[in-house]
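All values below come from the heavy atoms of this structure, side chains included, with hydrogens, waters and symmetry mates left out.
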2 protein chains.
Amino acid sequence: MSVSISVMRRLPAYLHYLKQLPPDVENISATTIAAQLDLGDVLVRKDLNCISGAGKPRTGYSVKGLIDDLERVLGYKNKNLAVIVGAGKLGCAMLEHSGFEEYGLHILAAFDVDSNKIGITDSGKYIYPLSDFEEFCSQADVRLGVITTPACAAQEICDLMCRSGIRAIWNFAPIHLTAGKDILIQNENMAASLALLSAHLAEMGC
Amino acid sequence: MSVSISVMRRLPAYLHYLKQLPPDVENISATTIAAQLDLGDVLVRKDLNCISGAGKPRTGYSVKGLIDDLERVLGYKNKNLAVIVGAGKLGCAMLEHSGFEEYGLHILAAFDVDSNKIGITDSGKYIYPLSDFEEFCSQADVRLGVITTPACAAQEICDLMCRSGIRAIWNFAPIHLTAGKDILIQNENMAASLALLSAHLAEMGC
DNA sequence: TATATATCGGTATATTTTTATCGATATAAA
DNA sequence: TTTATATCGATAAAAATATACCGATATATA
């Protein structure tokens, strides 16, 4: 069964919630999950039904089974090689952040045009000159690119990534990127988040 | 007219596109914007109609007028005081990032439990001990809190923020936070983004 | 064993969001 | 001036998403 994007977005929350349950909890109901995550119980049941057909009346779902199914659907068991372009504050923070491994994302290195940034980080990862990018990606068979450059450079980097065999781009630059239809561009839309927060505050008369 | 969340999410893209146009472009059509941002022209027209009634047939919209209206609706002209809790890599990156000012977000300082983190950053902003949090917020009348702690600490910080008068929370910890209904919690759902990317790569047989 | 109950899963309905269609209109060109 | 065209804005349709309802069922309790 295909999983819609809306559903997909909620799955990580389910997984996280299930993982932090005490280990003696063997079964859990959609109702309980829904209450904890401020969602409707029917919605949760429908979501879980998309990825795992194994719910039992009165009992609920097997926690272990759900976790397995969620991790499979979410691809956390995959190993995705990634590189970062833009070794500014955010880029470096991501390069050094070990937490992405949990999601199957292995960040190999970062790249930057600024020669002052080239070198090795505290945690032992490398920042290479951008000129090495294409060769590095084809040799390491990198499929995922993270863009943490300023907006003005992002489209150019996006093009470079496409040329270098990258198939999915995680974009943190506040700009709309254009690429072929076979390339997935996921925008981390911080400006939109901020706008929602700001609007909420304004509404309250702050 | 009220602006739905879906619409709100697209507005920053419109604004950014309009701002980077050459200054001699006085008018622009929804069709043109749509083509540039890979959206439907009717959708763009409907969105713009939510925030600005001033489109003329054949001519389009006044660029200047649209920018004004967008900035007003998005609240970029507001001044929102914010603080960060969690002075790790991401927290520090955000603390030092000047780009948020453009969106009306003024980050005053960061807080952390770790006494080794306390001090002043390169750009002159302070990292205070968490024990000072509540007093700082009430004195400075801070309304927006950014959470960049590990997941295990996030709910506790969320509670602290609510007690301290904060009305909107920008949460980067990968966990669902619970707060009163008058508090807006905006989750920056990186895990969900990653899952979508990973699923796309898996689908392509990588 | 018989009954009660919480929960699932399917169907139906409601809501939200997006896309399509069409007449009206301002500008440009003939 | 007349005609052609690009665009708007309104209405309608379609698609996606979320919610409500209800019978079936596995477990618990009397």
Position toward the 5' end of DNA chain D (nearest nucleotide), A/Gly40 or B/Thr59: B/Thr59
Whole-Å distance separating the CG atom of B/Asp38 from the P atom of C/dT18: 15 Å
Phosphate-side-chain proximity, A/Asn49 and C/dC8, N/O vs OP1/OP2 below 4.0 Å: no
B/Tyr128-B/Phe136 aromatic ring centre distance below 6.0 Å: yes
Of the listed nucleotides D/dG9, C/dT17, C/dT19, the one nearest the side chain of B/Leu43: C/dT19
Interatomic distance, B/Ile5 CD1 vs C/dT17 P [rounded to whole Å]: 8 Å
Nearest-angstrom distance from the residue atom CG of A/Asp47 to C1' of C/dT7: 17 Å
Residue B/Arg10, side-chain heavy atoms: nucleotide from D/dT7, C/dG10, C/dT18 that is nearest: C/dT18
Out of D/dT17, C/dT7, D/dC8, whichever nucleotide has its closest atom nearest the side chain of A/Ser6: D/dT17
Side-chain H-bond candidate by donor/acceptor type, B/Tyr14 with B/Asp47, under 3.5 Å: yes
Which residue lies more 5' along DNA chain D, comparing A/Val42 with A/Lys56 via nearest heavy atoms: A/Val42
Length of the line joining B/Asp41:CG and C/dT18:C1', which is rounded to integer Å: 12 Å
Nearest-Å distance for atom pair CD1/C1', residues A/Ile28 and D/dA26: 18 Å
Presence of A/Ser4 side-chain N/O under 4.0 Å of D/dT17 phosphate oxygens OP1/OP2: yes
Side chain proximity check, B/Tyr103 to A/Met190, heavy atoms < 4.5 angstrom: no
B/Ile33 CD1 - D/dA6 C1' separation (whole Å): 15 Å
Short side-chain N/O contact from A/Ser29 to OP1 or OP2 of C/dT7, under 4.0 Å: yes
A/Arg45 side chain, from C-beta outward: closest of D/dA26, C/dT18, C/dG9: C/dG9
Short side-chain N/O contact from A/Tyr61 to OP1 or OP2 of C/dG9, under 4.0 Å: yes
Whether A/Gln186 side chain and A/Ala168 backbone form a donor-acceptor pair below 3.5 Å: no
Heavy-atom neighbours of A/Tyr126 OH exceed 12 at 6.0 Å: no
Check: D/dT5 base within 3.5 Å donor-acceptor of B/Arg58 side chain: yes
N or O in side chain of A/Asn27 less than 4.0 angstrom from C/dT7 OP1/OP2: no
Separation of D/dC8 C1' from B/Leu48 CG (nearest whole Å): 11 Å
Value in whole Å for how far the P atom of C/dG9 lies from NZ of A/Lys46: 13 Å
